[in-house]
Amino acid sequence: MTGQSFDWMGRRIPFRTGESLAAALDAAGIRTFGPDALGQETRYFCGIGACQCCLVRVDGVVREACITPAKPGLLVEALESRHD
Ligand code: FES
């Protein structure tokens, strides 16, 4: 392990170079990514950026976790974890 990690809801998530946020979260045992605006649990589903089921906030910006590369130090949160 290289020691790279990002923050998910206060938890340090390790990842390998080239992994997506969703793959790293899945590898860490995190299968759902919190509720969306309609209260539906977001999750890793299509894996290609098509279904929008995996939306999360990355440093405050809404992104698809399945196509967003993990990078050290990112702050990743559930879509509805805060109110703007
Ligand atoms: S899992 Fe479908 S857009 Fe990410």
Side-chain angles (χ1 to χ4, degrees):
M1 176 177 288
T2 63
Q4 302 177 105
S5 67
F6 61 86
D7 182 279
W8 164 255
M9 310 293 284
R11 180 174 161 187
R12 181 182 166 275
I13 306 297
F15 64 93
R16 292 182 290 188
T17 300
E19 261 187 323
S20 69
L21 294 173
L25 288 167
D26 188 67
I30 298 166
R31 307 284 186 247
T32 59
F33 308 151
D36 64 14
L38 299 175
Q40 304 274 334
E41 279 293 318
T42 57
R43 63 190 175 102
Y44 196 5
F45 185 64
C46 74
I48 59 170
C51 72
Q52 306 292 294
C53 286
C54 66
L55 295 178
V56 293
R57 285 186 193 274
V58 181
D59 289 341
V61 179
V62 176
R63 303 265 188 220
E64 297 95 342
C66 70
I67 58 171
T68 302
K71 293 181 183 168
L74 290 178
L75 178 60
V76 185
E77 305 169 286
L79 208 53
E80 293 301 310
S81 64
R82 66 182 195 183
H83 304 281
D84 333 91

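Excluded from the calculations below are hydrogen atoms, water molecules and symmetry mates; all remaining heavy atoms, backbone and side chain alike, are included. Counting convention: from 1, in listed order, for ligands and their atoms alike. Note that the structure is a prediction, hence the values are computed from the model and not measured.
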After noting the C-alpha distance and the side-chain angles of Leu79 and Phe33, does the key distance pass the side chain to side chain contact (heavy atoms under 4.5 Å, CB included) rule? CA-CA 8 Å; Leu79 208 53; Phe33 308 151; over 6 Å; no

Is atom 2 (Fe) of ligand 1 less than 2.8 Å from at least one N/O/S atom of Cys46? yes

Within 2.8 Å of atom 4 (Fe) of ligand 1, is there any N, O or S atom belonging to Cys54? yes

The test is side chain to side chain contact (heavy atoms under 4.5 Å, CB included); show your working for Asp26 and Arg31 and say whether it passes. CA-CA 6 Å; Asp26 188 67; Arg31 307 284 186 247; 3.0 Å; yes

Need the ligand 1 atom indices (1-based, order shown) with element for anything under 4.0 Å from a heavy-atom of Gly49. 3 (S)

Please list, in number order, the atoms of ligand 1 under 4.0 Å from a heavy atom of Ala50. 3 (S)

Atom 4 (Fe) of ligand 1 to Cys66: any N/O/S contact under 2.8 Å? yes

With heavy atoms of Cys51 as the reference, note each atom of ligand 1 found under 4.0 Å away. 1 (S), 2 (Fe), 3 (S)

Please list, in number order, the atoms of ligand 1 under 4.0 Å from a heavy atom of Phe45. 1 (S)

Ligand-side contact atoms (ligand 1) for residue partner Gln52, heavy atom cut-off under 4.0 Å: 2 (Fe), 3 (S)

Are Leu75 and Val58 connected in a single hydrophobic cluster, I mean Ile/Leu/Val/Met/Phe/Trp/Tyr linked by side-chain heavy atoms less than 4.5 Å apart? no

Looking at side-chain heavy atoms only, is the closest gap between Tyr44 and Leu25 below 4.5 Å? no

Is any side-chain heavy atom of Thr68 closer than 4.5 Å to one of Val76? no

Looking at every non-hydrogen atom in both residues, tell me the closest pair between Val56 and Glu77 and how far apart they are. CB-O, 3.4 Å

With atoms numbered from 1 as shown, which atoms in ligand 1 lie under 4.0 angstrom from a non-hydrogen atom of Gly47? 1 (S), 2 (Fe)

Report yes if the side chains of Phe15 and Leu74 come closer than 4.5 Å at any heavy-atom pair, otherwise no. no

